[in-house]
Every structure is written in structure tokens, then in C-alpha cells.
A.B. asks: 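Pasting in a structure now, in C-alpha cells, and then I'll have a few things to ask.
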Amino acid sequence: MNGYELLNVTFQFLESFAFIVLATVGLAVIFGMMGIINLAHGEFILVGAYATTLSAHQGLPLPAAMLVGVVATTIFGIVLERTIIRRLYGRLLDSMVATFGISLVLVQLTRILFGNSIDQVSTPFGAISYGSYSYSLYRVLLAGAAIATLLGLYLLFTRTAFGIRARATIQDEETARSMGVDTDRMYMSTFAIGSALAGLTGALYAPARASPTPEFGSEFLVDAFVAVVVGGPSVLVGTPLAGGFLGLIEAFFTFQWTQFIGTVAMLVAAIVMIRLLPDGFSGLVESVRTSWRESE
Amino acid sequence: MAASDPTVKTTRAVDETGERSSRILQTRDLHKEFGGLTATDTVDFAVEEGELRCLIGPNGAGKSTVLNLITGQLEPTAGSIYYDGIDITSLPSHERVDRGISMKFQVPTLYEDLTARQNLRIPLQRIVDAAEFETRTRELLAQFDLLAEIDETPATLSHGQQQRLEIAMAMALEPTLMLLDEPVAGLSVEETAEVAELLRTIRAQEGVAFIVIEHDIDFVETIADRVTVLDQGSIFTEGTIEEVKTDPAVRRIYLGEET
Amino acid sequence: MLDLTDVHVSYGTTPILHDIDITVDPGEIIGIMGKNGVGKTTLIKAVMGLLEVDAGTITFDGDDVTSTGAAVRARRGMGYIPQGRDVFPELTVEENLRMGETIHAADDRLQYEAVYDFFPILEERQSQTAGTLSGGQQQLLAIGRALIGNPKLLVLDEPSEGVQPSIVQDITRDLQRVNEELETTIIFVEQNLHVVQHLAERCYAIDKGTIVDELGSDRLESREAVTEYLAV
Amino acid sequence: MEGVRMSSEPNSSLLERVRSPFEGPNTLGNSNGFWLTFGVGVVSLALYPVLFGTYAAGERAVFLVYALLGVSLCFVWGFCGILSFGQVAFFGVSGYTFGIVGLNVSSYTGVTLGIVAGIAVATLFAAALGYFMFYGGVRDVYVTIITLVVALVLKTFMDQTAGGEWAVGEAELGGFNGMRNIPNLAIGVGDIGIEVSRAMHYYVALAALIGVYLGLRVLVNGRFGYAMVATLEDETRTEMFGYNTTFIKLVTFTLGGALAGLSGVLYVTWGNYINPQQFAITAASMPVIWASIGGRDSIAGTIAAAIVLQWIELQLSGEWALVIVGSLLVFVILVMPEGIAPRLRTFVLDRQSSSEPTTTPATTEEVTD
Amino acid sequence: MTRRSISRRSALAGGVASGLAAIGGCLSEGGILNGSGGSDGPMIGVLEDRSGEFALNGTAKWQASLLAVEELNADGGVLGEELDVYDPDPQSDNQRYQELTREALNREGVDALWAGYSSATREAIRPIINEEEQLYFYTTQYEGGVCDRTTFAMGATARQQLGAVIPYMIEEYGPRIYTIAADYNFGQISGDWVRLLADEHDAEVVGEEFIPLGETDFGSTINAIQGEDPDFIASMLVGDGHANFYEQRADNELDVPMASSTTMAQGYEHRRLDPPALEDMYVGVNYMEELETDRNAAFVDAFYEQFPDADYLNQEAQNNYFSIHMWAEAVEAAGTFDQEAVIAELEDGIEVEAPEGDVELDPETHHMTHHMRIGRADGEHEVTFSDEQYIEPSFLHEVGCNLPDDPEQTQYEPDEFYDEI
């Protein structure tokens with residue numbers, strides 16, 4: 001492997017990492033914090049992508065269009081939470097069926113409203129060239145966006161009153177309520193944040209993907225589910241580790257063989273991981289931390 | 001009464017040294033931690049065949065932890081448990097049950113959709129043939145004064161009846177050691193007396209050993225042969241109820257006075 | 001300040017409490033004592049709104065709060081200090097204290113300095129996760145957390161549980177100081193003789209799910225009177 | 001078989017004795033009304049080919065095949081609490097296996113072997129996956145996600161098996177295009193045997209469905225059923241009655257896999273075709289939807305929901321079809337979370353108790369299962 | 001699929017009569033309540049996807065079919081009777097295709113069937129069609145090789161498309177080819193054709209990658225292409241996921257020209273993607289909406305007048321359109337809707353005035369001789385055409401497919417006949 005090829009693998013890793021992390025965060029926040037598996041997660045991403053693309057077509061500059069995408073998805077998430085999801089708290093399996101129904105409706109409504117595809121927004125920034133190779137700068141920067149998103153989540157959940165209350169609610173809902181936390185509103189806000197993150201993913205990938213179609217969201221689904229399982233219940237710890245681990249496996253096998261082998265290797269690794277660590281990476285980190293604390 | 005599997009109960013109690021002993025249960029240095037917090041610390045505890053032992057102590061003393069370690073719901077961090085002369089420390093719960101350990105949980109957890117008869121069938125079908133279900137069911141229900149409620153579901157039973165049905169279900173397995181977690185919590189005075197009477201009768205008839213966790217000292221007084229006091233995860237003292245009641249140290253741990 | 005009238009509570013289908021009548025006047029420190037398993041924690045949870053009552057009424061600061069949830073009661077000025085180690089173990093000491101801000105969001109909110117002044121150990125351990133504190137320190141944290149919101153009423157569930165006897169005495173003194181300096185009303189349940197005798201101004205005795213006696217300061221001084229409801 | 005009867009009637013009639021193994025607290029419908037409805041249902045399904053013709057029946061046979069797939073989920077989910085999105089994995093693996101054997105051994109022997117092999121491979125696959133999960137400490141929703149991921153991995157894998165290197169003997173896996181020319185259902189040895197035509201396939205599927213239904217009723221009301229339901233309701237407690245709940249879950253999951261395998265064989269012999277789309281998320285969700293809507297602890301409810309929903313989907317065409325189906329799902333989950341069959345039963349019970357207040361003291365009368 | 005398995009399956013089917021079917025002797029095909037079903041007048045089945053994965057391609061096929069029927073009916077119908085259409089939406093779901101095909105054949109009794117976009121769909125329903133000996137038109141451009149007595153393949157085959165564009169590219173840009181193709185039958189057979197054509201024209205395939213359907217990441221593929229530095233890329237990618245390749249090619253500023261049989265004419269990527277994703281894309285096509293002929297202008301106008309909201313009028317839509325007209329002509333010539341008579345009439349050799357130009361049906365292979373052109377997209381995605389050739393479906397001739405003489409139901413694959421592969 002010469003220097004250029006090493007760069008190739010690095011960029012491929014960054015791209016896989018960004019894709020897995022961004023595909024997962026929204027789902028992971030909603031699952032990790034609320035215990036709801038949102039099978040319509042892909043369609044939340046779809047909403048973000050469509051809102052971004054359509055407003056870019058209206059002449060908005062791309063950053064503003066992306067903001068529209070995030071805001072639209074957030075509002076959309078809040079409306080769904082208030083009307084449907086709210087009634088399904090504590091009913092994990094029912095919430096899966098209901099969100100699957102929502103997903104069916106959204107895909108087809110998108111098709112009815114906007115047709116089989118909408119025109120794409122082109123990718124900004126051009127490419128980095130090295131030797132005979134080149135790599136899209138925007139795609140490399142997506143890794144930066146993924147890290148920034150994780151950092152933002154970290155700050156949100158550790159530095160703000162909201163974040164502290166959210167974490168307190170998960171650790172001990174009863175005590176949190178007795179501390180004056182309105183847990184119902186907590187759930188709504190958490191769902192809104194999960195939706196905003198899905199919207200962000202849609203907004204970021206709208207220009208990095210070919211023209212959005214109603215099936216746009218389904219591309220993200222498999223990676224998102226795999227990463228949630230591998231990451232385990234703690235979003236802040238699990239998602240980056242899962243993204244890093246799966247991204248490395250995918251990039252290495254893809255580089256060594258083909259993209260297909262990379263994908264299969266990633267899925268197989270995920271299944272083995274679950275067998276070895278039923279609570280995912282965050283469970284592992286938790287037990288390491290515990291034993292470290294004990295040895296003190 | 002025929003045991004399900006004759007091989008498990010034929011061994012006479014032998015302790016870990018290989019000597020014959022009347023001890024049915026023996027724990028050695030039982031230690032359990034939860035994420036750095038010690039729940040029980042070096043518990044050495046033995047129960048004789050047919051004995052009725054009560055486990056008392058203030059909140060958080062580790063009583064339920066000890067019970068869960070014996071049933072296998074929890075795995076000890078260190079130490080071992082011998083039952084009937086065999087090391088059962090790493091056996092799964094269901095195999096301990098096969099060896100004769102039975103348990104009644106604190107909160108009644110009957111199967112909601114099943115009638116009393118059908119609830120009883122769940123333990124019964126493990127040890128008797130289908131042909132005997134009805135006779136055994138009726139015997140047990142009669143013994144626990146529940147025959148009239150044979151076709152009732154738990155929701156229609158009184159709290160006391162539910163507690164009795166639970167004990168009946170645990171007894172259906174014909175255990176040699178029975179663990180009861182607060183059998184009279186929430187019962188009226190009359191119901192408490194009934195349960196006490198019931199336990200005495202079972203003991204007399206079947207020779208079952210009991211470990212009972214209980215807060216109600218009056219109840220303990222009426223049933224216990226010996227009492228073990230736990231505090232801060234360790235055995236504080238052991239003795240007859242009279243000895244324990246008059247022990248000033250026991251009063252102190254309950255009242256929180258400095259020693 | 002707080003009135004419970006003819007309150008009945010059950011846990012699932014199991015009745016736990018019946019015919020409970022309790023009155024707490026502003027500025028008082030009221031104890032509720034009883035042995036293990038007589039329903040003390042159930043009672044305190046019903047006061048806080050964490051358990052629904054089957055019958056009866058609860059009024060707080062002049063308002064009927066019988067059917068209000070815990071979060072609302074907390075914001076109206078009830079500061080809850082749960083049993084044992086019920087701090088948020090994964091949050092740091094400081095984050096735990098910040099949780100207290102949601103209680104009784106009045107303008108005259110206590111400053112962190114004041115809480116740190118009461119409990120200097122909390123300032124030392126600011127950035128440590130709460131789960132790594134000792135039992136006594138966790139208890140102080142739980143009290144400090146409640147005080148941050150400047151509550152009108154402190155509701156304590158067995159402050160002595162899992163705490164070493166020498167620390168129990170410190171906690172008792174701290175709570176008395178809180179009552180005097182901040183004029184906070186206090187209600188607590190307890191089975192620790194020391195706490196009952198030294199903290200309570202007046203005390204209810206609870207047994208088999210109901211109030212069986214009420215002891216004024218004179219009877220509280222008598223060890224025999226108190227141990228009757230506590231001892232083994 | 002069953003020693004305990006619900007009725008305390010001493011001299012029970014012959015009919016009751018015939019019925020008794022099929023009845024018990026673990027199935028919702030045990031009343032005369034229920035069995036009457038059941039009989040009417042079976043007879044009308046049996047008459048369908050006569051009334052609507054063999055073509056229509058051949059066509060609708062797939063409804064029954066899928067209903068069987070729904071039953072396989074209902075069994076593991078409703079009776080043992082294991083929500084598996086992987087029933088399609090066993091279904092598909094069995095279908096492909098049947099295809100491989102049937103295409104390679106070209107005689108009735110091959111087809112007969114294929115049936116056995118298909119179900120056996122699906123069963124083993126379920127057992128292996130179940131062992132992996134249950135003995136690995138995987139629980140609750142993680143079981144659900146893992147089974148979903150397994151189905152999706154199979155889809156990814158099968159999609160790329162297009163090349164000649166992916167032929168097993170005569171049988172080409174065919175990748176995205178799928179495997180074609182899979183033989184019809186038949187039983188026999190060499191050239192002697194009975195082959196099932198499309199029209200008859202309907203009756204085979206119906207017989208399989210009814211057989212499985214009655215068999216499962218016997219099972220869930222028998223010893224093992226009590227253990228399953230006990231595990232479902234409270235695993236810890238059941239463990240303390242000496243049951244190895246991990247093993248019970250494994251056996252249940254494996255049996256569920258075998259049933260899915262049976263329906264997989266019936267599926268490929270119906271369409272003579274299978275492709276990786278059978279493992280996709282939409283396909284994987286269908287059994288969950290049928291069981292949710294019909295009532296996850298009601299086998300008959302699941303069957304009815306599977307048939308009715310497929311019928312509705314076929315009738316609805318045009319761009320609003322999926323919108324309507326999706327909305328229906330959300331609506332049912334919000335309005336009757338336990339499913340339609342249990343709701344219907346409650347409704348019938350309420351009406352009966354209000355219309356005949358003095359009669360039938362203790363025996364509960366139910367009409368639906 | 002090989003012929004052996006077909007014949008064996010028929011042999012098994014023969015056993016049915018002696019088997020269970022005898023029991024069902026009392027059962028009628030139609031049933032008591034159902035009557036014979038179907039409409040009284042002539043009817044064609046048009047099963048094209050308007051939802052699901054292939055809606056993008058299927059919608060226009062469906063629309064153009066309706067346009068053709070409308071025109072026929074406005075013109076007095078077929079044999080003087082108004083033509084009906086059975087056109088439920090199969091939702092890109094192959095099982096639904098199977099159900100609807102049986103419904104169309106048995107219940108509706110359609111006189112001819114147009115159905116399916118993907119090869120997978122065609123292969124899913126062909127057994128049903130074969131069993132009923134149904135007259136069936138498959139209109140998608142495809143890998144080629146289907147030699148089937150009742151099936152008429154209206155689209156250009158890989159041989160026709162690649163045969164036009166690959167030699168052109170070798171001439172224009174050089175002999176080093178890098179193949180990327182969808183990883184299923186279509187892509188793999190197309191890959192075989194590229195190798196075969198390279199061999200014939202002294203060129204070389206320097207790299208080949210088969211990519212699973214639905215894959216969306218092409219970073220490693222692009223790096224691999226850059227590593228080989230070919231003269232041009234032969235792209236037989238399929239579907240929306242794969243369209244990402246073109247987008248990523250532009251992002252990575254990979255400026256190697258591309259030859260394709262699948263792009264633009266079906267999924268109108270040049271309209272949907274932002275330029276310059278498809279710059280220097282050369283595609284071998286028989287039809288695109290942009291074709292500048294008077295006949296096509298009239299067709300495009302008529303289409304958008306009927307369907308003002310339509311996205312694009314693609315190659316397959318044109319194939320549906322002309323083949324419905326062609327079928328109607330054959331019916332008129334035969335004087336009956338009887339399918340055998342119509343097939344005989346079609347096999348007599350028929351020519352039709354299609355928007356792409358006048359095209360002929362090849363009687364022996366049931367394929368069309370097409371006007372193949374090279375369509376090129378520039379940096380602004382403007383399409384220009386060059387190098388028009390009239391190309392026969394030669395592969396099936398070479399393998400000896402002669403349906404009027406030897407009615408078979410097979411799909412031939414090139415690797416069975418050429419050593420070079």
C-alpha cells in the first residue's frame with residue numbers, strides 16, 4: 001500500500017464513518033432516550049432531503065436550504081409525536097408497527113406530491129487531487145460534520161440544563177419527576193431532537209446523492225439499525241464507537257476487495273459483535289469503567 | 001408423594017467436607033457487588049433440614065440479595081453455595097429448583113390470565129402425570145383453603161388468597177427448601193395468623209426447611225426456630241428469636257444508635 | 001403548609017395505607033416513624049405525588065394537589081430527597097445540583113455558594129460522578145439538590161438509611177440549620193431513633209398502614225415512648 | 001392428552017371430548033360459538049374454489065400460504081414474547097433450499113426430498129440463530145433488531161448471486177432476478193407420485209393451515225404451551241418453577257422457523273419462483289403487521305388478518321393504495337392496540353353478558369379466537 | 001435457464017392430469033359465482049409500475065401505452081371494437097406481478113399483455129405466460145437472448161446497444177476499457193458483451209467491477225478506476241442507487257468518458273442530476289425524447305398534451321407505444337383477436353412507423369431491428385445524436401433461434417456460445 005492508497009483508504013473510512021454516524025444519530029437518540037424504534041427514520045431523512053432540495057431550487061443558498069431541511073423535519077417530528085407517537089410510549093412493538101405504517105404513507109405521499117424524483121442539487125467544493133487519484137472534498141468534509149454533530153450532541157447532553165434533565169430522566173424517571181421535570185415534554189423535545197438530526201442527515205446528503213427519490217431514506221436504514229445495535233443503549237458513547245468500528249471494517253474490506261465484500265463484512269461483524277456484547281459498545285465501556293472504578 | 005426425579009433427592013445431606021451432615025444449605029464467604037457497591041459481604045450461613053429460619057435486618061441490609069443468590073437469580077462476585085452437599089454456585093436457577101429449592105416472590109406474580117387450577121398446573125405438570133393433575137390440584141387447594149376459588153383468576157382473589165396461592169404453587173414442586181420473601185406483607189392481622197398457621201402445618205407434615213424474610217417481628221416470633229440478623233451486607237448475629245430480641249446490639253442497628 | 005385527609009393508597013391490588021390524617025404547619029419539622037415495611041416510603045411517595053391515592057385529599061400551601069403530578073408539586077415548592085442513594089449516579093455532583101434548579105423556580109433561588117457553604121464537601125467533589133460518592137455524601141448531595149430550588153417544604157425519605165451513625169448526626173444538625181436559617185418546613189419518615197428524637201418537633205407513629213399515635217416534643221424525649229414504635 | 005377440563009360437567013359429551021385437546025386458557029376461543037364460526041370459516045374457505053373457480057382459488061392460495069407465515073410469527077410472538085422480523089428469513093431459506101433440491105433431483109423423489117430439505121434447513125437455521133441469541137443473552141428488542149438484520153443480510157447476499165458461480169448444480173440462485181422454474185408440489189418416488197396442480201395447491205395450503213392451526217391449539221393448551229405462556233408472562237418466576245426458559249424460547253423459536261419453512265415451501269411451489277425481495281424490509285414487516293392487527297395472541301385472528309389485508313391490498317390499486325394501507329395500520333394500532341380479534345371477543349362477551357344476565361354462571365363464552 | 005429444466009418441468013406438469021386434478025374434476029375453472037370473467041370487447045393488459053422502486057421507469061411506459069390505446073380508439077378501435085385496458089399498479093413487487101398476470105390472463109382474458117420493467121419481473125411472470133401461451137410484449141432494453149414462442153422483445157438488446165457504442169468509443173478514445181455493471185443477470189451478461197466486443201475490436205477490458213443493486217457508495221470504485229486510468233468506462237449501472245456513481249464521478253473530478261447502455265434513455269439522469277455529472281456520457285439508444293425528427297416531435301407533443309405532468313418520455317415508453325400500434329396492425333391483418341393468428345401475423349414480418357423511425361420485427365427471434373444511435377451528453381447535459389445505424393438482433397440468429405420453425409421457451413446467454421468470455 002503506497003501513500004496514495006493509504007489516503008484512499010483513509011478517505012473511504014472517513015466517508016463510511018460519516019455515513020454510519022449521520023444515518024444513525026437521529027434513530028439512536030430516539031431509541032436510546034425513549035426506547036422507541038422508529039421504522040420511519042428513513043422517511044424523516046427523506047423529509048430533510050426534500051425540504052433542502054426544494055428550497056434550494058427556490059433560489060435559497062445551500063446552507064439556508066439545509067437549515068430549512070432541518071427545521072421542516074423538526075416540525076414534522078413534533079407534529080407526529082403529538083398526534084401519534086405520544087400514544088405509543090412504553091409500547092415498543094406497537095410503535096414499530098405504527099412507524100412502519102407511517103413510513104409506507106410518507107413514501108407514497110412523497111411520490112404523489114413530488115413525482116418519482118426531484119432534480120438534484122449539485123455537490124459543492126470539488127475534489128482533492130493526489131497522484132492519479134482524487135476524492136470529493138464535500139464527502140470528506142461530511143466526516144467533519146459527523147464529528148461536529150456528535151460533539152454538539154455531547155455538549156447538548158452534558159452542558160445544558162435540558163441535556164442534564166434528559167439524562168436524569170433516563171436514569172431515574174421517578175426522581176426526575178420529583179425534581180420538577182415535565183417528563184412528557186422531555187420526551188417531546190427528545191423526539192424533536194431525533195427528528196432534527198434525521199433532517200440534518202437528509203440535508204447534508206441531499207447534495208451528495210443523486211436526485212432524491214421517494215426511496216431516498218431507505219438507503220440509510222440498514223446502516224442505522226446495525227449501528228444502533230452495535231452501539232448499544234448509550235447514544236453518546238455507542239454511536240461514535242459503532243461508526244468508527246463498522247466504518248473501519250467496511251473501508252478495509254472494500255479497499256482490499258470490493259464494496260460488496262465491505263458491506264457484507266460490516267454486517268457479519270455487527271452480528272458477531274452483538275453475540276459478544278449483547279449491550280453493544282456502550283455496555284462494554286460501562287463495564288470497563290466499572291471495573292476501573294473498582295480497582296481504584 | 002412421588003418426587004419428579006428420584007435421583008435428586010436420594011442423596012443425604014453432605015456438606016462440602018464430604019461429611020454427612022444435617023445441613024441442607026451452606027454458604028461460604030458469599031460476596032456480591034453491584035457496580036462497586038457491596039450488597040453482601042462474606043456471608044456464611046447454614047440452614048438445617050426441616051428448620052424454619054427467618055432473615056431479618058433493616059432496609060438495605062442485603063436480605064433479598066442473599067435470597068436471590070441462593071435461587072441463582074444473581075451470581076455471586078465471590079464465594080460458594082452448597083445445597084444438599086453439592087456445590088450449586090454456578091447452576092442455573094431451574095436446575096436448583098430441580099434439586100428442591102422453591103421460592104415465593106415478595107409481590108404476588110401469578111399468571112393473570114389463568115385460573116387458580118391452571119396456575120397450579122404450571123408447577124404441577126413438571127412433576128406429575130396429566131392424570132394426577134386434578135387430584136393433586138384439589139389436594140393442594142384444599143390444604144391452602146382455596147378449593148372454592150379453583151376456577152377464579154387472580155384478579156378476583158383477595159390479597160391473602162393470592163399470597164396463599166403463590167405458596168401453594170411453590171409447594172406444588174415438593175421442595176426440600178422453601179424461600180419466602182415477605183409472605184405476609186400487606187396482609188391483615190387475621191390473614192397473617194392464617195399464613196403462620198399454614199407454615200407451621202406444612203413444616204410439621206412435610207419436613208420442609210424454610211428461609212423467610214420478614215419485617216413483621218410478631219410474625220417472626222410465631223414461626224421462627226432461629227433468626228439471622230443481617231446488617232450492611234453481613235451477618236450481624238444469629239440465634240433464637242428470644243436471644244435476638246433481647247440483644248442490645250440488634251436494637252441498636254435497628255434504631256441507628258452508635259455502638 | 002401540608003394536610004393529608006383520610007388518605008388511602010394501594011400498590012397494585014395490595015392496600016398499603018388507610019385513613020391517613022397528617023397536618024404540617026409552616027416552619028415545623030414533622031417526623032413519621034415506624035418499623036420496616038409499615039408503609040413509610042409509600043406514604044412519602046404519596047405526599048410527593050409519585051403514587052396516586054385511592055381516596056382522600058392532599059393540600060399543599062393552600063392548594064388541593066391530590067391529583068397533581070410530582071413534577072408540578074416540585075415546582076410549587078416541594079423538595080424531595082429520595083430514600084438511600086437515589087441521586088443520578090451517572091451525573092456529576094454539579095449536574096445533580098443543577099437538576100435542583102427545576103424545583104420551585106422562584107426569583108429568590110438559592111445560590112450555589114450557599115449550598116456549598118452548608119455542605120463544603122459537595123464543592124470539593126463538584127466534577128465527580130455522584131455514583132462514586134459515599135452513602136453519606138450522596139445523602140448530602142440529595143439534600144443540597146433539593147435546596148438549590150429554595151423549596152417551601154423538604155420531603156425526606158429515611159435520611160439515615162445506608163449512612164454511618166456518626167454521619168447521621170451531622171445530617172440531623174444540617175437539617176436543623178436548614179430549618180432555622182432558611183425557614184424551610186420539613187417532613188420526614190424515619191426508623192432511626194437518633195433522627196426521630198433530635199430532629200422532629202412533632203412525630204406521627206405509623207403501623208400496619210395507618211397512623212397509630214402522635215407524639216409531641218415532650219413524649220419524643222422519652223426513649224421508651226419512641227422505641228415502642230421502632231424497636232424490633 | 002389433556003387431563004384437566006375446564007368444565008366441571010361429569011359426563012361430558014363425545015363432542016366435548018373431541019374438542020378438549022384443542023381448548024384451554026391459552027387460546028381465546030373455546031366456546032360453541034367460536035367453533036361454529038371456525039366451522040363456517042373452514043367451510044367457506046373450502047367452498048371458495050367451487051364458488052369462484054379453480055383459477056381464482058389457485059391465485060388466492062398464496063393468501064393461505066402467507067397466512068401460515070403469519071401464524072409462525074403469532075406462535076413465537078404471541079405465545080412466547082419473541083418478536084421476530086426474521087420469519088421471512090426462514091421462509092426464504094426454505095424456499096431456496098426446496099428450489100435447489102427440486103431442480104437438481106429431477107423426479108418426484110427430488111420434490112419430496114425438497115420439501116423435507118426446505119423445512120429441515122429452515123428449522124436448523126432457526127435453531128442456530130436462536131441458540132446464538134438466547135444463549136448469548138440477547139433479549140427483547142435486540143432480538144427483534146437482530147432478526148431484522150439477518151433478513152436484510154440475506155437479501156444483500158442473495159441479490160448478488162447472479163453469476164454462474166452461484167449455481168448449485170442445476171439450480172441457479174439467480175441473484176436479483178430470483179430462482180425460476182421451481183417444480184410444483186408433489187410427493188412420490190422416482191416417476192411414481194402425486195403432483196399438486198395450482199388448483200389443488202389451494203387445498204393443500206388450506207389443509208396445511210388448518211392442520212397447523214389445530215396442532216398449535218393442542219400444543220399451546222398442552223404442557224409445552226403452559227410453559228411457553230408462563231415464560232411469556234414472567235420469565236423469572238417461571239424459571240423458579242424449574243423451567244429452563246432459555247431452552248423453551250429456543251424450542252419455540254425453532255418451531256416457528258419450521259412453520260415459516262413449511263410456508264416457504266408452499267410459496268415457491270405456488271409461484272414456481274422466489275427472489276431476494278422476500279427478505280426485504282417490507283416483506284419482513286408483513287407478518288408483524290398481520291399479527292398486530294389480527295391480535296398477536298390469536299392464531300385465528302392472525303390468519304384472518306393476513307387473508308383480509310392481502311385481499312384489500314390486491315383490491316386497492318392506484319397511487320393511493322399504499323397510503324390507505326399505511327394509514328389503516330396506524331389507525332388500528334392506535335384504536336385497538338391488542339388487535340382486532342381480542343377486541344371482537346370482548347365486544348361479543350359484553351353483548352352476551354348484557355343480553356342474558358342470569359344464565360350461564362361461570363363458563364365464559366367466546367366467539368372469536 | 002437451460003432447456004433441460006424447462007422440459008423436465010413440463011414432464012412433471014404432465015403428471016398432473018393423473019394426479020390430484022382428477023379429484024377436482026367437479027371444479028370448474030370459472031366457478032359458480034364467477035362466470036367467465038373478463039370484458040366482452042377486446043382488452044390488453046398493461047402492467048407497469050407507478051409506485052415502488054421502478055416507478056421512475058414504469059410510469060412513462062404506462063402513460064405511453066394509454067396514449068396508444070387512446071389513439072387507436074379515437075381512430076375507430078381495433079377491428080371496429082373499442083379497446084379496453086387492464087392496468088392495475090404492480091408496485092414494483094414481483095409477487096404482485098405474478099398475481100396480476102394470472103388475473104389478467106385468467107380472469108380478464110387479455111388479448112395481449114405488456115408487463116414489467118426489470119428482467120427479474122419478466123422472469124417471474126414468464127412461467128405463467130408460458131403455461132398459458134399468452135402473447136406477451138416485453139419492452140425494456142435488456143441483456144437479450146430470450147427466445148420464446150409467445151414473447152416479443154421490443155427493446156433493444158445489449159448486443160444492439162453496446163454493439164453501437166463500444167466500437168464507437170474504442171475508435172474515439174482508445175482501447176483500454178473499465179467495466180462497471182450492476183451485479184445481476186443483466187449487468188453480468190452486459191459485461192460479457194463488452195468483453196466480446198473489445199475482443200472483436202482489438203481492445204482490452206482493464207478492469208471490471210460488478211456492483212450490487214442499490215449500492216450508493218462509489219468512492220472505492222472511483223479510486224480503482226483512477227488506479228487503472230482507462231480510456232473510457234463502460235457503465236451498465238441500474239437504478240437510483242447507482243445514479244450516485246455519476247454524481248460522485250463529477251465530485252471527484254474523474255473526467256474519463258463513459259459508454260453506457262442503461263443511462264439517460266430510461267431514467268433520464270441527464271435531466272435529474274445537476275450538470276456536469278453526465279458530461280461525456282455516450283449511450284447507445286434506439287430512442288430518446290430529445291430525438292430531433294418531425295415524427296418524434298409530433299409524438300412528444302401528443303404525449304405531453306395527454307400527460308402534462310409527466311417527467312420524461314423514455315425509451316421503454318416509446319417501445320410500449322409503437323408495439324401496441326404494431327399489435328393492432330397485426331390484429332387488423334389477421335382479422336381476429338385470436339392470439340395464435342396474431343402471432344402468425346407478427347411472424348409474417350411486420351414493419352411499423354415508430355417515433356424512432358420505421359422498425360421491423362424479426363420473425364425468427366421475435367426481436368426488433370432498431371435504429372441505434374450514439375447519444376452524447378455534454379457539460380450542460382445537452383444531448384446530441386450521431387452515428388445512426390440500423391442493427392438486427394444478431395445474437396439470437398447466431399445461436400440458431402428460429403421460433404416459427406422451432407417454438408421454444410429459452411433464454412440464451414452469450415457465455416454459452418463464445419469462448420472469448
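In the text below, chain A, chain B and the rest are named by the order of the sequence lines, each starting its count at 1. This structure is a prediction, so every number in the text was calculated from the model and none was measured.
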A.B. asks: Is the Phe31(A)-His41(A) ring centre distance short of 6.0 angstrom?
C.D. replies: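 They do not qualify: ring centres at least 6.0 Å apart.
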A.B. asks: Hydrogens and angles aside, do Ser190(E) and Glu143(E) bring a side-chain donor and acceptor to less than 3.5 Å of each other?
C.D. replies: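 No donor-acceptor contact under 3.5 Å links the two side chains.
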A.B. asks: Under 4.5 Å heavy-atom distance to chain E, tell me which part of Ala208(A) shows up: side chain, backbone, both or neither.
C.D. replies: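 Just its backbone gets close to chain E.
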A.B. asks: Please state whether the side chain, the backbone, both or neither of Tyr138(A) comes within less than 4.5 Å of a heavy atom of chain E.
C.D. replies: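 Looking at Tyr138(A), nothing touches chain E.
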A.B. asks: Are Arg272(E) and Tyr268(E) in a cation-pi setup, meaning NZ or CZ lies under 6.0 angstrom from the ring centre and within 45 degrees of the ring axis?
C.D. replies: yes
A.B. asks: Which of parallel (below 30°), tilted (30 to 60°) and perpendicular (above 60°) describes Tyr321(E) and Phe299(E)?
C.D. replies: tilted
A.B. asks: Side chain, backbone, both or neither: which part of Thr213(A) has a heavy atom under 4.5 Å from chain E?
C.D. replies: side chain
A.B. asks: What part of Pro214(A) gets within 4.5 angstrom of chain E, counting heavy atoms only: side chain, backbone, both, or neither?
C.D. replies: neither
A.B. asks: At a 4.5 Å cut-off on heavy atoms, which part of Phe220(A) comes close to chain E: side chain, backbone, both, or neither?
C.D. replies: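 The answer is neither part of Phe220(A).
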A.B. asks: Checking heavy atoms, do the side chain of Phe245(E), its backbone, both or neither come under 4.5 Å from chain A?
C.D. replies: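 Contact with chain A: none, neither part.
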A.B. asks: Out of Thr216(E), Asp251(E), Asp309(E), Ile225(E), return the one with the most heavy atom pairs under 4.5 angstrom to chain A.
C.D. replies: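 Heavy-atom pairs under 4.5 Å are most numerous for Asp251(E).
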A.B. asks: Please step through side chain to side chain donor-acceptor pair (under 3.5 Å) for the pair Thr59(E) and Glu48(E), ending with a clear verdict.
C.D. replies: CA-CA 7 Å; Thr59(E) 309; Glu48(E) 303 290 5; over 6 Å; no
A.B. asks: So, Ser235(E) versus Tyr246(E): side-chain donor-acceptor pair below 3.5 Å or not?
C.D. replies: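 Looking only at side-chain atoms, Tyr246(E) and Ser235(E) do form a donor-acceptor pair, the distance falling under 3.5 Å.
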A.B. asks: Tell me, side chain or backbone of Asp311(E) under 4.5 Å from chain A's heavy atoms, or both, or neither?
C.D. replies: side chain
A.B. asks: Report which part of Glu253(E) has an atom under 4.5 Å of a heavy atom belonging to chain A: side chain, backbone, both, or neither.
C.D. replies: both
A.B. asks: Side chain, backbone, both or neither: which part of Arg111(A) has a heavy atom under 4.5 Å from chain E?
C.D. replies: side chain
A.B. asks: With a 3.5 Å cut-off and no angle check, do the side chains of Asn244(E) and Glu215(E) form a donor-acceptor pair?
C.D. replies: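 Note: Asn244(E) and Glu215(E) side chains miss the donor-acceptor criterion.
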A.B. asks: Which region of Thr263(A), side chain (C-beta onward) or backbone (N, CA, C, O), has a non-hydrogen atom less than 4.5 Å from a non-hydrogen atom of chain E, or is it both or neither?
C.D. replies: side chain
A.B. asks: Can you tell which part of Val107(A) gets under 4.5 Å to a heavy atom of chain E, answering side chain, backbone, both or neither?
C.D. replies: neither
A.B. asks: For Asn57(E) and Glu316(E), which I'm curious about, is there any donor-acceptor pair between the side chains at under 3.5 Å?
C.D. replies: no
